Structure formats: C-alpha cells, structure tokens
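Please read these numbers as outputs of a predicted model, since none were measured by experiment.
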Amino acid sequence: TVTAVKNTVLGLNYRYTGNRQDQDFNSPPYPAVVDLKHYSLLDAHVQFQAAKRLSLFADLNNLLNEKYTDWLGYNTRQRNFMAGIRYQIN
C-alpha cells in the first residue's frame, strides 16, 4: 500500500496458489483424484479520503483475467470491478 497523492492510497495484492489435488465425484472410479494447476491473481485498490468521515474506493480484481480453479465444479471470478462510498458514523 502506497500513499501516492495526499488523501489517496493505492495498493496491489498478489496471490499465488500452487498445484494441488481435488476429488472428482462425477468420474469413475469414484472419487477420482484430479490435479489442479497453479495460478496467480493480481488485484488493485485505490481509496480517496474525501472528508474526515467520507472516503471513496475502487477495486479491480483479477487484473490479468486469469482462468483458474479453486475447487472442482465451482465457478471462479473473472476480472471484476467494485466501487463505493464509505461513511464512518462514529
């Protein structure tokens, strides 16, 4: 995390997941052991402190649009974007 401009914070997050195995209950012999490939994910974050209690933020996840599998049979996120406003009450 780096403060690039006054009241602005930028961040990058890198995550590496190595080769691993999972069980496939849809392929005989039940359960079949399946090898899952390694993958890397890169995410970016920016936050701007607009006022003492108000901040704006944006996240861009899976910047490289990596195709990956966490668990066999479940979907994973493609590149995605989220933005919002945060207001601190107390």
Side-chain angles (χ1 to χ4, degrees):
T1 306
V2 176
T3 302
V5 179
K6 185 178 179 183
N7 299 336
T8 303
V9 176
L10 303 173
L12 282 176
N13 183 43
Y14 173 78
R15 184 177 82 184
Y16 173 81
T17 301
N19 295 330
R20 63 233 178 272
Q21 293 183 328
D22 199 355
Q23 295 179 340
D24 184 356
F25 291 92
N26 294 318
S27 299
Y30 303 105
V33 176
V34 177
D35 292 321
L36 301 179
K37 293 175 135 184
H38 65 276
Y39 63 88
S40 297
L41 295 178
L42 183 63
D43 302 330
H45 175 79
V46 62
Q47 180 172 320
F48 174 70
Q49 194 71 38
K52 182 177 180 179
R53 296 183 175 190
L54 180 68
S55 62
L56 311 171
F57 68 91
D59 295 326
L60 183 56
N61 299 307
N62 194 4
L63 280 168
L64 305 176
N65 205 25
E66 180 83 17
K67 307 289 187 259
Y68 64 100
T69 302
D70 272 329
W71 300 282
L72 196 62
Y74 290 88
N75 295 328
T76 53
R77 300 179 306 166
Q78 296 178 343
R79 182 181 301 127
N80 61 86
F81 177 78
M82 178 175 58
I85 299 170
R86 186 174 294 128
Y87 182 78
Q88 184 178 353
I89 294 173
N90 54 6

Enter the distance from [X]:[atom1] to [Y]:[atom2] here, rounded to the nearest 0.5 Å.
X: K37; Y: R20; atom1: NZ; atom2: CZ; answer: 11.5 Å
X: T17; Y: Y68; atom1: OG1; atom2: OH; answer: 9.0 Å
X: L60; Y: F81; atom1: CG; atom2: CZ; answer: 7.5 Å
X: Q78; Y: N80; atom1: CD; atom2: CG; answer: 9.0 Å

Steps toward side-chain contact (heavy atoms from CB on, under 4.5 Å) verdict (T69, T76): CA-CA 7 Å; T69 302; T76 53; 5.6 Å; no
With a cut-off of 6.0 Å (strictly less than), are more than 12 heavy atoms of other residues, nucleotides or ligands near [atom1] of [X]?
X: Y14; atom1: OH; result: yes
X: K67; atom1: NZ; result: yes
X: N75; atom1: CG; result: no
X: L64; atom1: CG; result: yes

Hey, quick one: are [X] and [Y] part of the same hydrophobic cluster, counting side-chain heavy atoms closer than 4.5 Å, chains of contacts allowed?
X: I89; Y: L56; result: yes
X: L42; Y: Y39; result: no
X: V33; Y: F25; result: no
X: L63; Y: Y16; result: yes

Contacts of D59 that satisfy side chain to side chain donor-acceptor pair (under 3.5 Å) - sequence neighbours left out: H45
Residues R79, E66; criterion side-chain contact (heavy atoms from CB on, under 4.5 Å); working and verdict: CA-CA 8 Å; R79 182 181 301 127; E66 180 83 17; over 6 Å; no
Flag, side chain of [X] to backbone of [Y], donor-acceptor distance under 3.5 Å:
X: N26; Y: D24; answer: no
X: D22; Y: W71; answer: no
X: N19; Y: H38; answer: yes
X: R53; Y: A51; answer: no

Between Q21 and D35, a side-chain donor and acceptor under 3.5 Å: yes
Option among N62, D70, N65, N61 that satisfies the side chain to side chain contact (heavy atoms under 4.5 Å, CB included) test with R77: N61
Validation row: V46, F57 side chains within 4.5 angstrom (heavy atoms): no
